[in-house]
Number of protein chains: 2
Amino acid sequence: MQQVAHHAGVSLATASRVLHGSGSRTVGEELRRRVEAAAQELRYVSNAPAQALARATSSVVGLIVHDVADPYFGAIAAGAMRAAREQRLMVMIAATFREPGLELEYLRGLRAQRARAVILAGSGTADAAATAELAEEIAGFEADGGRVVCIGERGPDLDTVAMANRAGGGLAVRGLWELGHRRIGVVSGPSELLTVRHRLDGARRALRALGAPLPLRAVVEGDFTRAGGRAAAVRLMTEQPDLGALLVLNDVMAAGALAGLRDDLGLAVPTRVSVVGFDDVPFAADLSPALSTVRLPLEQAGEAAVGLLLEPPGDAPRRVELAAELVLRDSTAAV
Amino acid sequence: MQQVAHHAGVSLATASRVLHGSGSRTVGEELRRRVEAAAQELRYVSNAPAQALARATSSVVGLIVHDVADPYFGAIAAGAMRAAREQRLMVMIAATFREPGLELEYLRGLRAQRARAVILAGSGTADAAATAELAEEIAGFEADGGRVVCIGERGPDLDTVAMANRAGGGLAVRGLWELGHRRIGVVSGPSELLTVRHRLDGARRALRALGAPLPLRAVVEGDFTRAGGRAAAVRLMTEQPDLGALLVLNDVMAAGALAGLRDDLGLAVPTRVSVVGFDDVPFAADLSPALSTVRLPLEQAGEAAVGLLLEPPGDAPRRVELAAELVLRDSTAAV
DNA sequence: CTGTTAGCGCATTCAT
DNA sequence: ATGAATGCGCTAACAG
């Protein structure tokens, strides 16, 4: 920038003002022109770290997900990045690959980067110790002036984009019920994930309200992956062969469940057993058969998260509630 | 850090050495202990921008993709992030959403961030003007000491992780041929994308070598998306109803093609028409029917890319060649 | 092995 | 409206 200033025959301060001046454009037309010309000619590229140092804040926002290759997070990330672009923010993505400790580590890293904000997109967990450590790090981050936004519940005093996981669980179960299903099983994910708990809880409550409480043996737990869904679904239908419908707590698992039902057990979907997934990721409609599922506005969640972290800190924690919707396709049938 | 140094009763330099000292750990045991204790107690968090400024290099690498929600890029990103993690690098992802100009803009942004390196994961394009501008920006980036690695061809003097797009196109066509297909059509993506050109070219050559050159009317072009694949496949099979097999130039398009064939035209796959995709994205095996496709080692490409940017600049451009493999599943049948 | 010192590139007072 | 000066937090000689 020195060079640019010199080349334009102005002071360093003036060059700084026209090159990065935020709002109050208090530079004369003539000088402004000269500086811009000089910058152009010298191919000046501003130095973001230096700016961050001087301003004590940067234009990068962090996004911590479990797995970028998972379409659930892919959709959220796409939404967040689209919104970030409009604000000229850069997005730094960290993937924990579902190792709990990494979330904390990456939050620290983002704090070191002096990220302006971070979005915690992965599900919270029921591990009290980990949650406490994370809360402390979050507090530190906010004390440094950073913003933190969670997608999904993490704590009452955090800005959060709330997904209708409970309501969605209820929706799915009631949809199945209306189709005439009475023997409903649940292929669940890891029970320490809050997202899983909420979805399962929503299903449970709805079933109880319908007068048919969900028996414990009708729930089986697997990894939140395709393979996990396949294994869990096969196990559940083997142990409880009278089940006529399955709620699978995310679409990726549901894809596995569909494969397991068909290839491992030879059970026809939807004639022998109906299947409902959760999330409505992009490929859900292309599965075989097209997956009925609970749609969550994933991209919108990403956008909303960026929206929240743009708003001034605020006195009370902010919340955005996103609704779920049941989408019935070909993996469910009436009985 | 001042505080930490003072608290530990050492100089700033010593604190810096134990806190961020790279390798040559030339600090006494006792002092080291004291500094670490002080840092712990004061909850010291290092300031990455300041480090970047002082060192004139950072620990962030940029990854520019077309779309994070696309499973192709999701897989590449996952591989890159896994590798980056081992090197304690942070990954800044930028998505162009297929707007050509954005690639250049993001490269500039990453340059401003003083990213240590950037990975260009999206396909190059045949637009000469855009390519030239990009080349200039790349040169500038490298002149600043940054590394650039491309996934897919971008130019002969760039470090690149080369995907076997041509070979893959040939593989697909020969696979179909061996199944007895003689009337093969291609659902192509935007022809300005180099990736598309190479895949199509590979298919063309193979067909010519087989003595059955691909007629122009047997190729139809669509967006590199599900909707694009659907529309293009429907159009192709409507105009050329005698085609017995389709090569679709990526799996996302193939998902759309499958839907179009089934829902719009009522053509059975694979009995009436066989379909081969390209990429082998995670959901390919779950489509209806399970998609035969050309597998590309996507995650490995991401890993290889960060591997390349870790190696010292090198005299000659480096290349990593990744092979393709034909995976036959249920969307193809013999005639 | 440890401390002193001089920048890194930029934003901002504070003068003018 | 513009310029001069100071410091952001840290690293890297350099000197002991």
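Values in this document were obtained by computation on a predicted structure and should not be read as measured data. Convention: sequence-line order gives letters A, B, ...; per-chain numbering from 1.
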Worksheet item: Counting any heavy atom closer than 4.0 Å, what does A:Met1 reach on the DNA or RNA strands: base, sugar-phosphate only, or nothing?
Response: sugar-phosphate
Worksheet entry | Close side-chain approach of B:Val161 and B:Gln300, heavy atoms under 4.5 Å | no
Discussion item. Do A:Leu158 and A:Pro317 make a side-chain contact, defined as non-hydrogen atoms from C-beta onward lying under 4.5 Å apart?
Written reply: no
Worksheet item: Any cation-pi pair here, B:Arg98 with B:Phe224, using under 6.0 Å and within 45°?
Response: no
Worksheet item: Over how many whole Å does the gap from A:Arg114 atom CZ to D:dG9 atom P extend?
Response: 8 Å
Worksheet item: Are B:Glu36 and B:Arg33 close enough for a salt bridge, meaning some N to O gap below 4.0 Å?
Response: no
Item to complete: Using a strict 4.0 Å threshold on nitrogen-to-oxygen distance, state whether A:Asp159 and A:Arg319 make a salt bridge.
Response: no
Discussion item. Taking CD in B:Glu192 as the centre, count heavy atoms belonging to other residues, nucleotides or ligands within less than 6.0 Å. Is the count above 12?
Written reply: yes
Worksheet item: Is there a residue in residues 7-15 of chain A whose heavy atoms reach under 4.0 Å of DNA chain D, and which residues are they?
Response: A:Val10, A:Ser11, A:Ala13, A:Thr14
Item to complete: Starting at atom NE2 of B:His6, determine the distance to atom P of C:dG3, rounded to an integer number of angstrom.
Response: 12 Å
Item to complete: Please state how far atom CD in A:Gln3 lies from atom P in C:dC10, giving the value in whole angstrom units.
Response: 10 Å
Discussion item. To the nearest 10°, give me the bend of the helix from C:dC1-D:dG16 to C:dT16-D:dA1, comparing the axes of its five terminal pairs at either end.
Written reply: 30°
Discussion item. Is it the case that over 12 heavy atoms from other parts of the model lie below 6.0 angstrom from the CD atom of A:Gln40?
Written reply: no
Item to complete: Please confirm whether the backbone N or O of A:Asp127 pairs with a side-chain atom of A:Thr125, one donor and one acceptor, at under 3.5 Å?
Response: yes
Item to complete: Find the distance A:Asp144:CG to D:dC8:P and express it as a whole number of Å.
Response: 16 Å
Discussion item. Need one value for A:Leu19: base, sugar-phosphate or nothing, where a base atom within 4.0 Å counts as base even if backbone is also close, heavy atoms only.
Written reply: nothing
Worksheet item: Is it true that B:Arg147 and B:Glu142 have a side-chain N and a carboxylate O under 4.0 angstrom from each other?
Response: no
Worksheet item: Under the 3.5 angstrom rule, does the side chain of A:Ser58 hit a backbone N or O of A:Arg114 as a donor-acceptor pair?
Response: yes
Worksheet item: Hey, are B:Arg108 and B:Glu105 close enough for a salt bridge, meaning a charged N less than 4.0 Å from a carboxylate O?
Response: no
Item to complete: Pull out every residue in residues 41-54 of chain B that has a heavy atom closer than 4.0 Å to any atom of DNA chain C, ordered by number, or say none.
Response: B:Leu53, B:Ala54
Worksheet item: Below 3.5 Å, does any donor atom in the side chain of B:Arg17 face an acceptor in the base of C:dG3, or the other way round?
Response: yes
